[in-house]
Number of protein chains: 2
Amino acid sequence: MHPATTLLRDIADLTTEFERHLGRQLTVNPTDLEAMDHLIREGALSPTELANRLHITTAAVTTVVDRLVAVGHVSREANPRDRRGVLVVPAPESVRRAMSTLMPMILGMDDVLSDFNDAEKDTITSYLSRVVAVYRAQLPSKPADSA
Amino acid sequence: MHPATTLLRDIADLTTEFERHLGRQLTVNPTDLEAMDHLIREGALSPTELANRLHITTAAVTTVVDRLVAVGHVSREANPRDRRGVLVVPAPESVRRAMSTLMPMILGMDDVLSDFNDAEKDTITSYLSRVVAVYRAQLPSKPADSA
DNA sequence: ATCGTATTATTAGATCGTCTAACAACATCG
DNA sequence: CGATGTTGTTAGACGATCTAATAATACGAT
């Protein structure tokens, strides 16, 4: 096994550990953190959309949102397009708090790249793209969900 | 955010999805899969060692091992060095089954690298090492556990 | 327009996984 | 040896998710 392949594995493990760390910062469990992650990256989502992304039922999402509302990380708002629907909106202050832990990481990642020239950056990007392709090839295709 | 940084994120997500896939192959839950992962990579481990690696209590490990024994993925054996102790030993057939899903992935990863020359491989490895360093810098240091 | 069907979010009750606490068996060290 | 620590297990509590049922609303075909 090539060193790079091993490093990729290390990064995966470190990512998991970082998520535990971030969860502690926001005092939420792993599922609730993942919900926040989606809300931060995609903006307000409906419970159904969250359920698809988290791979849990909408019943479970109801309790996820209950917990997040209780600690002030999100609010439930009416969906203007569908009177049955609900929109789960992330609280700006919570987004800010998450960002304060996330940004050093992201900046650190980008900073690593600044030490490589353009050709090297292309090599790295090309490598990572191909790794993604290998993953996708091995996985049973997951069609787009937008529910 | 640089494309490479985004790809790294994609790889993290795909890794999680791949683990779900692998868990289905072996019909085990995420925790039990992670236990198998450690047993496959490190060989037989004691319940205490598993508890440290999985971040759960030894009481929880007892039930993890109970489940894995029930489906034949591991066996409990006496620890020759300590008469209180137990060794959790992975079943060869289960290791083989896991490998049949794991190997295409690992070979695919190594294969990607074979399309790069030595200088490019160095660039890639150097990049990944630095990414690992960034993670470690952001994380509260986790000392070695060998219990 | 209206009726039947589908979808949305919630609740209630069951189940599963993990925790804390207590314990028995054994190790270790002064 | 005897006090103290460690190992793994059990019992009971709790938390998170599931299935099933339900009310409210959307939507499609006639």
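The chains referred to below are lettered A, B, ... by the order of the sequence lines, with proteins before strands, and numbering in each begins at 1.
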(request) Figure out the CZ/P separation between B/R81 and C/dT28, and round it to whole Å. (result) 11 Å

(message) Measure CD/B/E77 against C1'/D/dG8 and give the value in whole Å, please.
(response) 16 Å

(request) Using a strict cut-off of less than 4.0 Å between a Lys/Arg side-chain nitrogen and an Asp/Glu carboxylate oxygen, indicate whether B/R53 and B/E34 qualify as a salt bridge. (result) no

(request) Return no unless some side-chain N or O of B/T57 is found under 4.0 Å from OP1 or OP2 of C/dC19. (result) yes

(request) Find the distance B/I56:CD1 to D/dG8:C1' and express it as a whole number of Å. (result) 13 Å

(message) Under 4.0 Å from OP1 or OP2 of D/dG8: is there any side-chain N or O of B/R76 that close?
(response) no

(message) Let's see if you can work this out: which of C/dT18, C/dT10, D/dT10 has an atom nearest to the side-chain heavy atoms of A/P47?
(response) C/dT10

(request) Verify the contact: side-chain N or O of B/T31 to OP1 or OP2 of C/dT18, cut-off strictly under 4.0 Å; return yes or no. (result) yes

(request) Look at B/N29 and C/dG17 and indicate whether a side-chain polar atom (N or O) is within less than 4.0 Å of OP1 or OP2. (result) yes

(message) Base of D/dT7, side chain of B/R84 - is there a donor-acceptor contact under 3.5 Å?
(response) no

(request) Could you state whether A/V65 and A/V86 fall into the same hydrophobic cluster, counting links through intermediate Ile, Leu, Val, Met, Phe, Trp or Tyr residues with side-chain heavy atoms under 4.5 angstrom apart? (result) no

(request) Could you walk me through whether B/M1 and A/M109 pass the side chain to side chain contact (heavy atoms under 4.5 Å, CB included) test, one step at a time? (result) CA-CA 9 Å; B/M1 215 162 114; A/M109 297 291 163; over 6 Å; no

(message) Using the side-chain contact (heavy atoms from CB on, under 4.5 Å) definition, which of the options B/V64, B/T31, B/L68 pairs with B/M36?
(response) B/L68

(request) Can you tell me the distance, in whole Å, between the CG atom of A/N52 and the P atom of C/dA9? (result) 10 Å

(request) Look at the side-chain N and O atoms of B/R67 and state whether any lies under 4.0 Å from the OP1 or OP2 oxygen of C/dG17. (result) yes

(message) Rounding to an integer number of Å, can you tell me how far A/L54 CG sits from C/dA9 C1'?
(response) 15 Å

(message) As a test of reading the structure: which of D/dG8, C/dA9, C/dT18 is closest to the side chain of B/V64, going by heavy atoms?
(response) C/dT18

(request) Starting from P on D/dA24, measure out to CG on A/N79 and report it in whole angstrom. (result) 18 Å

(request) Report yes if a side-chain nitrogen or oxygen of B/R83 is closer than 4.0 Å to either non-bridging phosphate oxygen (OP1 or OP2) of C/dA27; otherwise report no. (result) yes

(request) Hey, which sits more toward the 5' end of DNA chain C by its nearest nucleotide, A/D82 or A/A59? (result) A/D82

(message) So that I can tick it off, tell me whether B/R130 and A/D115 are bridged by a salt bridge, with the cut-off set at under 4.0 angstrom between side-chain N and carboxylate O.
(response) yes

